[in-house]
Structures are given as structure tokens and as C-alpha cells.
Amino acid sequence: MSLKVRKAVFPAAGLGTRFLPATKAQPKEMLPLVDKPLIQYGVEEAVRSGIRQIVIVTGRGKTAIEDHFDVSFELEHLLESRNRHDLLAAVRQISDMIEVAYVRQREALGLGHAVLRAREIVGEEPFAVVLSDDVIAAEPPALRQLLDVWERFHAPVLALMEVPAESIPNYGIVAAEPVEYDGTRDRLYRILDLVEKPPRDQAPSNLAIIGRYVLTPEIFPAIEAAGPGALGEIQLTDGLRRLLDGSPLYGYRFRGTRYDAGDKLGFLIATVEFALRREDLGSAFRAYLKTLKL
Ligand code: G1P
């Protein structure tokens, strides 16, 4: 097996029910944070982490994603004729940086099922998985931090974050022991067990899985063997659990700020914070926020 991670898989076939009616005719991955669709933040993170081959697992009603990463001749022609080279660069930049392949998930049967759909395209090499609902502001990018762990140990690794007790049932939760890495014992963990969306009193810790993974093709038969789990869905977490008998599985508590853009409140928080960080909008937006009598 080659050891270089060249591909990132983006599951994007979910129905987006939490954002209805906005997602009735529009994929949730295309909801904009300020002026960029959610999925583009994830794709840019992959590119900044050194990965240019993007595999998007789509479903019905997701053609806007394909159009977004494609060339738009009419739009580019119009921008060119109006001398809007700034906007032209903005629409061209991302499609120029990546190679995208699409694979269909015909039924939304769970995250594990979505990852399994990418099996043929991934082939016999390690790969990343990025959940675009989890938007992470970090330097170096969160995925790059995971790839550094991969490059050191050549074992699968997933992103971890401590979550408050009341949110535990929304996540995959791990039991883990700290491992010395980069001179500390509070970032890298060896995973001992994982459970998808446990009730609070059955959770082994408050360390939650966040949507960045570096995996090997061994995950595919493991997902198949696991079958349906929490919520009746085929869960990636259950596939990962099956890997524990073999080589080590690591979790990395990344440095950075994660936004849950799959949740309405999380999405609003991300919108405000990303807008405040923007050079072109930040100061005007901050001035406006200060006028609000809250
Ligand atoms: C998925 C994973 C879960 C993980 C979460 C992170 O759940 O199944 O293990 O903690 O992403 O965002 P979802 O949010 O798709 O229900």
C-alpha cells in the first residue's frame, strides 16, 4: 500500500432535514457561510493540507455541488467582459486547484455507507474523510494536523474534541489513553473503544469524534461487517470499532476552533465569526453588531 494520502472523501448525500425548508431544493453543503458554500471550506482545507483529489459522495438533488466545482463559461465570460478579474479569480480558483470525482449514494443509509461508496475510487491507498458540517478554523488546518500524525505512525487517526456533557449523545465518543507526541501527552490518544451517539450515562468519556479522519482501506470490510447501528444507520464509528483488534487507532485533539455548521445555532455562530474575520467586511460588521441593543 502506498503511504501517501492523496484523496479526500466528502460524504454529501444527507437530506439536510435540520435546515428545511432551505434544503428542500438545495443541498445543505451549498449553504453559504458569508459567501462561500460549506463544502468549499472543507475542500480548501484539504487543498491546504496537500490533498488535491476530491471524491464527493452525492445523492439526488445534489447537482449544484457538481456545478459549483465545474467551470461556468457563461459566468466567466460575463465577468471577463465586465473586467471583474477579482470575481473571476474567486470563481476559478477552487476548480483549478482540484480534481473531483463523484460517486452516488443512492440511499442515505448512514455515514459508514457513504464512505463505503467511495471504495472503488479510493482503491488500495490511505485516504481522508472530511465532513463539511464541521467547519474548522485552524492553522495549520485540522486535516494537516491529522496527516502529520499519519506520517509519523502510519495508523488511522481521527479528530477529537472535548464536548460538554449535554452534547455527548450527538457524537461518536471514544475511550482513549494519552500517548506522548510532540513533547506533550494531551493531544494524541490511543483509542481503546468507540461508541456512536451514546446516552450521557453510558459514554466512556467526553472526547467526541469530529469530522476529520485519515483511514486505510481496511475500513471498508470493517464497515461491511459492522452492519447497521445507532439510528438504524451504517455507522463509520462501528466500522472503526472493528479495527481495534488489529493495528492501533489514534485520536488527535486538534488545535483550532470547530463550528457545528450542521446545526442552526452553530451555523449562525460560524457566520458571525467568519464575517468578523473578513478583511473586507469585518470592521463594518463589528460596528453594526455594536449598535445592537442586546
Ligand atoms: C457524525 C459521526 C459522529 C461524529 C460527528 C461529528 O455524526 O457519525 O461519530 O461525532 O459526525 O460531527 P453526524 O453529525 O453526521 O450525525
Side-chain angles (χ1 to χ4, degrees), residues 8-19 23 27-29 31 38-39 41-42 45 56-59 105 107-118 128-138 142-143 146 156-176 189 191 193-200 202-215 219 222-223 226-244 249-254 256-267 269-270:
V9 174
F10 286 71
L15 299 176
T17 47
R18 282 198 277 177
F19 275 95
T23 47
K28 74 166 173 185
E29 293 78 11
L31 295 175
L38 275 186
I39 191 165
Y41 286 90
E45 181 183 325
I56 304 183
V57 183
T58 67
Q105 183 187 14
E107 289 173 283
L109 296 182
L111 178 57
H113 183 258
V115 171
L116 210 44
R117 299 275 75 68
V129 173
V130 176
L131 307 187
S132 50
D133 278 1
D134 286 325
V135 178
I136 305 179
L143 184 57
L146 259 56
V157 52
L158 43 86
L160 293 177
M161 184 180 111
E162 282 172 351
V163 295
E166 64 275 13
S167 339
I168 281 175
N170 300 329
Y171 294 95
I173 303 289
V174 302
Y189 293 81
I191 292 180
D193 202 1
L194 320 81
V195 45
E196 181 66 13
K197 303 197 169 73
R200 227 166 121 165
Q202 286 168 32
S205 75
N206 68 339
L207 275 177
I209 304 171
I210 299 302
R212 303 288 183 277
Y213 309 75
V214 177
L215 302 173
I219 192 65
I223 295 170
L231 313 172
E233 294 181 349
I234 298 176
Q235 298 288 356
L236 179 57
T237 304
D238 296 339
L240 290 165
R241 190 161 192 269
R242 293 203 154 236
L243 296 180
L244 292 172
L249 172 64
Y250 290 103
Y252 186 69
R253 213 164 56 71
F254 59 92
T257 308
R258 172 262 187 177
Y259 300 90
D260 180 6
D263 167 81
K264 280 179 207 170
L265 182 59
F267 187 88
I269 293 171

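Residues: numbered from 1 along the sequence shown. Every number for a ligand or one of its atoms is a count from 1 in the order of the listing. Predicted, not measured: the structure shown is a model, and the values here were computed from it.
- R241 CZ: 12 or fewer foreign heavy atoms inside a 6.0 Å radius.
- Residue-ligand proximity: D133 is placed with every non-hydrogen atom at 4.0 Å or more from ligand 1.
- Short contacts between ligand 1 and T237, defined as distances under 4.0 Å to a heavy atom of the residue, involve ligand atoms 9 (O).
- What sits closest to atom 15 (O) of ligand 1 on the protein, heavy atoms only, is K197 NZ, 4.7 Å.
- Under the 4.0 Å distance rule, the nearest protein heavy atom to atom 13 (P) of ligand 1 falls inside the cut-off.
- Counting only heavy atoms of the protein, atom 11 (O) of ligand 1 lies nearest to L131 CD1, 3.4 Å.
- With sequence neighbours excluded, the residues forming a ring pair (Phe, Tyr, Trp, His ring centres under 6.0 Å) with Y252 are Y181, listed by chain and number.
- At a 3.5 angstrom cut-off on N or O pairs, G172 counts as close to ligand 1.
- Taking a 4.0 Å cut-off on heavy atoms, D134 registers as neighbouring ligand 1.
- Around CD of E166, the count of heavy atoms belonging to other residues, nucleotides or ligands within 6.0 Å exceeds 12.
- Protein heavy atom at the shortest distance from atom 4 (C) of ligand 1 is I209 O, 3.3 Å.
- Looking at every heavy atom in both residues, P11 comes nearest to L111 through CG-CD1, 3.6 Å.
- The side-chain contact (heavy atoms from CB on, under 4.5 Å) with L194 is formed by just one residue from the set L236, T237, L207; it is T237.
- Of the possible donor and acceptor atoms, one in the side chain of R212 sits under 3.5 Å from a partner among the backbone N and O of L131.
- Given atom 8 (O) of ligand 1, the protein heavy atom at minimum distance is E196 OE2, 2.7 Å.
- Here the side chain of E196 pairs no donor or acceptor atom with the backbone of D238 at under 3.5 angstrom.
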